[in-house]
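The block underneath contains the structure these notes are about, expressed in structure tokens.
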Amino acid sequence: MKVVAALLLLVPLLSCRAVPLAPFHPLDPRVIDCDDPESEEAAAIALNYINAHHPHGYKYALNIIEKIKVLPRRPSGEIFELELDLLETVCHIVNPLPAENCTVRPRTDHVVEGDCEVKLLKLEGSFSVLSIKCHSTPDSVEDITQICPDCPVLALLNDTQVINAVDLALSEYNRRPDGAYVKLLEIGRAQIQHFPDIVSVEFAVVVTNCSAKDAQDHADDCQLLPTDLAQFGFCNAAVLTKNNITVSCAIYEHQPGVTHHQLIHNHLGGQLPTLVQGFKHHDLRHFYHGSVDDTSESSSAEASVSPQPAIPVVKRAVEAVLDPTVPPSPVGSGPTHPLCPGRIRHFQV
Ligand SMILES: *[C@@H]1O[C@H](CO)[C@@H](O)[C@H](O)[C@H]1NC(C)=O
Ligand SMILES: *[C@@H]1O[C@H](CO)[C@@H](O)[C@H](O)[C@H]1NC(C)=O
Ligand SMILES: *[C@@H]1O[C@H](CO)[C@@H](O)[C@H](O)[C@H]1NC(C)=O
Ligand SMILES: *[C@@H]1O[C@H](CO)[C@@H](O)[C@H](O)[C@H]1NC(C)=O
């Protein structure tokens, strides 16, 4: 990352090599602390972007700013590189609540932690996202059993008991006398408690054009509402036996412009997507923006919405890596260390 960052400084040189230039003085990074308001602003912009664009699972909250580096960019602006630790909240991405208003899961509820490397451009006081690369992992089972021996841990999303529990809960919900018939969109997470076995599941649903009552006879004819009316919901359920099911769902009002088309595309084929086979959570690594090292496999249509035409800067930096005529990068001697990592907002995982 250091090399690419240093090469960004060379970009203006490369693009106008014919023009005589003043002797090249590499500009030094500017040192700011992880808890500096400017770092927090950059982190908040990156987090908003992640929450608005990652296509599966839950919204995340900022836990710790691990690292920050601010590099000058010629002819103007600065590049911010940050490493962020995030924590999964209880809000699924279909929940319209802003992530700031979403509760972070307590440690005993088998938390999922996200790690992101983000790069932003600050130009004339405003930030835009250049690239984001994340992954997420559930806390270790050993950690959970240490702080809470009886807490159920996350189960595989394709576990047979989990899938059965979701089917039962959804049928139960669709048996209510009024309201719309909903279809399963994705299973968000599941936990199985033993003796007696209680399967707790969380899942996102999408609203169809049928009432729950109509659907009892011809569920196959029920189609999703058109995108300009699209409605989503989220359910929590606990299933003990097929006669002992507790399920509650929140159906959200239509959000103009929100289609979750990738979520629908990946999940409504009938089969459980390969994305979750053998996994206990929806990994943030499936979300990828502004690829520097190109593994285009996971770059999605939803993730390619760029607020600024800033990406070419990064692409040129990649070309520069390949250009043998470029002299070795003048890596800055690095001034004093910033105060990092920053404060822990929730808890250390
Ligand atoms: C989110 O939280 C803020 C601050 O607590 C509050 O003012 C706002 O009304 C909340 N928004 C929603 C949609 O609940
Ligand atoms: C739902 O939409 C489908 C396809 O447009 C249509 O065939 C069906 O009759 C609709 N059902 C209701 C209850 O409107
Ligand atoms: C369902 O199971 C719970 C927990 O064991 C129990 O308290 C409750 O009475 C059961 N309800 C029914 C309807 O069997
Ligand atoms: C879940 O997926 C994994 C990985 O594909 C597979 O090995 C496992 O057998 C699946 N479990 C069930 C119950 O289908």
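Counting starts at 1 for both ligands and their atoms, in listed order.
Ranking the protein heavy atoms by distance from atom 11 (N) of ligand 4 puts Asn158 ND2, 3.1 Å first. Here the heavy atom of the protein found nearest to atom 5 (O) of ligand 4 is Gln277 CB, 3.6 Å. Ranking the protein heavy atoms by distance from atom 13 (C) of ligand 2 puts Asn209 O, 3.6 Å first.
Geometrically, Arg176 engages Tyr173 in a cation-pi contact defined by less than 6.0 Å to the ring centre and at most 45° from the axis.
Residues Asn244 and Val239 fail the side-chain proximity criterion, which asks for heavy atoms closer than 4.5 Å. Tyr60 has its side chain within reach of His54: a pair of non-hydrogen atoms, C-beta onward, lies under 4.5 Å apart.
Using a 4.0 Å cut-off to heavy atoms of Asn101, the atoms of ligand 1 that qualify are 1 (C), 2 (O), 3 (C), 8 (C), 10 (C), 11 (N), 12 (C), 14 (O). The atoms of ligand 1 that sit less than 4.0 Å from any heavy atom of Leu97 are 12 (C), 13 (C), 14 (O). Heavy-atom contacts of Asp221 reach the following atoms of ligand 2: 1 (C), 3 (C), 8 (C) (cutoff under 4.0 Å).
Between Gln223 and ligand 2, a contact under 3.5 Å exists for no N or O pair. Residue-to-ligand polar distances keep Leu156 apart from ligand 4: every N/O pair is separated by 3.5 Å or more.
With a 6.0 Å radius and a threshold of 12 heavy atoms from other residues, nucleotides or ligands, Asp228 has its CG atom above the threshold.
The aromatic rings of Tyr58 and Phe234 sit perpendicular to each other, their planes meeting at more than 60°, with 30° as the lower class boundary.
The protein does not reach atom 9 (O) of ligand 2 closely, with no heavy atom under 4.0 angstrom from it. Inside a 4.0 Å radius of atom 2 (O) of ligand 4 there is at least one protein heavy atom.
Of the charged side-chain nitrogens involved, at least one lies within less than 4.0 Å of a carboxylate oxygen, so that Glu38 and Arg30 count as a salt-bridged pair.
Inspection of the Gln191 and Asp109 side chains reveals an N or O donor paired with an N or O acceptor under 3.5 Å.
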